Amino acid sequence: MAVGIDDLSLYVPRLYVDAEDFANARGIDAAKLQRGLGIEQMAIVDANQDPACLAANACLQVMQKNKLSPEDIGRLYVATESALDESKAMNSYVIGMLEQVYGSGSFQHCGGIECKFACVSGSYALYDNSNWIRAGESEGKHALVVVSDIAKYDLGSSGEVTQGAGAVAMLLNDSPRLLEFDPKVTSTSIKNEYDFYRPFGKETPIVHGQYSNMLYLIQVKNALVDYERKAVATNLIKPKDGETILDYIDYINMHLPYSNMGKKALAYLVRHEWRKTPRWTKIIQSVGMDEPVPKDPRGTIESVLADTEFMQKDAEFTKRFAKTEEYQDVYESKVASSLLASRMIGNLYTASLYLGFRSTLEFEFQKGVDLEGKRFGFASYGSGSSAMVFSGVIMPEYKEAVKDMNIEVELGQRKKLSLDEYEQIHENKLTPDQPLLNAQKEFILVDIGTKPESRGERRYRFAE
Ligand code: CAA
């Protein structure tokens with residue numbers, strides 16, 4: 001049975017911090033953000049927004065765009081790592097908000113949960129809901145999977161430059177107009193790790209930045225290796241001699257904690273794949289140096305990171321490799337469009353991969369590329385840690401969903417925050433009744449209960 005994404009909507013808060021202002025305030029070279037990490041602006045939530053509001057706004061948009069009523073939705077899942085409660089699931093807040101528009105009890109039939117596994121949980125939610133449809137349980141209804149997060153790091157920490165906020169709501173069904181998932185190839189890799197985690201009660205994560213970067217690459221590569229095995233075993237892809245699986249994937253969308261992570265991951269994955277092909281000899285000639293090997297090739301991530309000679313040589317190799325015609329070609333054709341939206345919006349944790357997907361659709365469509373039949377690969381990563389690799393093919397009716405996509409229009413008139421305003425919001429100095437913007441046709445947080453019997457109860461309203 002065909003299963004896939006029928007349509008998707010993006011909701012991004014309209015406040016942002018500019019990379020240059022941020023760099024000046026923190027005494028960092030702006031080029032590190034703009035060229036090194038690929039960040040121009042980071043979306044920031046207003047004082048009356050939380051991850052549940054972002055999720056509800058994305059859901060409302062996708063339902064209104066497709067003229068759906070609550071009876072058309074059989075499941076509503078929220079994947080997030082910005083949980084609001086240790087027990088109450090975020091989809092219940094979202095249903096409460098949607099029922100303000102569609103009527104009390106209108107979603108009563110609709111099951112769902114909140115899913116957690118750092119940034120990869122949205123991909124697990126898509127997979128599980130696809131299987132609900134494949135199992136014939138959906139009775140013709142859609143599953144609505146929404147990924148929503150506020151990426152927030154400590155002031156002055158190395159992660160502070162990689163913040164952002166937003167949500168993507170995806171409609172799944174058995175006759176998708178946008179993308180049909182390839183069956184039986186979804187592959188995962190999992191390992192107990194502490195690269196990035198947020199202990200109970202702590203609002204911001206504890207992060208081992210360089211460790212997390214390397215673990216991301218290794219985990220995604222492991223999942224890709226398994227994807228390759230399954231794609232060949234199921235005859236989905238039949239690479240000929242000298243070819244690799246990546247030659248058959250037209251677009252690659254990666255988890256993007258920052259835009260340039262997509263470039264970094266692409267270089268790592270293609271090096272892994274091309275190394276075993278005859279084309280590698282020519283590439284090594286163009287690079288002009290051999291691929292460096294760590295002192296202890298079977299060592300830990302810590303030992304590799306501590307091997308400064310290797311790390312420097314590897315950075316040099318990657319820099320030269322990224323300049324080769326072969327890499328440039330694969331980068332421009334398969335990845336570049338996916339990175340554009342992330343530059344303007346920043347890190348959306350669970351939603352980052354799907355912001356990249358959305359970015360590819362919009363910017364390739366704008367270039368006039370016909371996407372019908374193109375295979376999209378997805379490389380999802382969540383700290384803690386797990387990766388998932390899967391793929392799908394663009395459907396003939398995709399233009400119905402893509403033709404009106406325009407991130408700049410959807411972002412609307414954004415307000416650039418001063419560093420002082422940003423820090424006030426970051427440090428929770430403003431209450432929900434002190435927003436910086438007037439909300440219009442969107443859900444907002446009104447207040448959070450403080451009395452012992454109602455502590456943590458959140459009230460929302462739809463601002464007309
Ligand atoms: N001009 C141009 N480029 C510059 C520069 C300058 N003046 N200074 C530095 N750069 C470049 C560096 O060369 C580097 O590029 P490469 O990666 O291509 O080598 C890049 O800018 C970043 O520089 P550093 O690595 O020195 O930066 P950093 O030590 O401050 O750490 C980071 C970067 C690890 C991403 C940090 O921001 C961080 O900890 N972020 C949070 C964790 C994170 O995002 N991890 C990603 C993987 S885990 C994950 O994906 C889950 C998730 O969503 C969090």
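Because the structure is a prediction, the values reported are computed rather than measured. As the structure lists them, so they are numbered: ligands from 1, and atoms in each ligand from 1.
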- Message: Could you go through Tyr227 and Phe390, starting from their C-alpha distance and side-chain angles, then the distance that decides it, and tell me whether this counts as ring-ring contact (aromatic ring centres under 6.0 Å, His included)?
- Response: CA-CA 7 Å; Tyr227 171 89; Phe390 58 100; 8.9 Å; no
- Item | Aromatic plane relationship, Phe321 with Phe317 - under 30° parallel, 30 to 60° tilted, over 60° perpendicular | parallel
- Atom indices of ligand 1, in the order listed, that fall short of 4.0 Å to a heavy atom of Leu37: 22 (C)
- Query: Under 4.0 Å from atom 54 (C) of ligand 1, is there any protein heavy atom?
  - Reply: yes
- Note on the structure: atom 11 (C) of ligand 1: closest protein heavy atom, distance to 0.1 Å, is Gly36 CA, 3.6 Å
- Distance from atom 46 (C) of ligand 1 to nearest protein heavy atom, with residue and atom: Asn213 OD1, 3.1 Å
- What residues, two or more places apart in sequence or in another chain, satisfy ring-ring contact (aromatic ring centres under 6.0 Å, His included) together with Tyr354? none
- Test item: protein heavy atom less than 4.0 Å from atom 13 (O) of ligand 1: no
- Shortest protein contact, atom 30 (O) of ligand 1 (heavy atom only): Lys32 NZ, 2.7 Å
- Quick one: does NZ or CZ of Lys221 land under 6.0 Å from the six-membered ring centre of Tyr268, within 45 degrees of the ring axis? no
- Could a heavy atom of Ser158 be found less than 4.0 Å from some atom of ligand 1? yes
- Which protein heavy atom lies closest to atom 51 (C) of ligand 1, and at what distance to 0.1 Å? Ser383 OG, 3.3 Å
- Flag Lys264 as yes when one of its N or O atoms lies below 3.5 Å from any N or O atom of ligand 1, and as no otherwise. yes
- Message: With the threshold set at under 4.0 angstrom, would you say Met261 reaches ligand 1 through any of its heavy atoms?
- Response: no
- Task: Please list, chain by chain and in numerical order, all residues satisfying salt bridge (Lys or Arg N to Asp or Glu O under 4.0 Å) with Lys282, sequence neighbours excluded.
- Result: Glu326
- Would one find an N or O of Gln210, backbone or side chain, under 3.5 Å from an N or O of ligand 1? yes
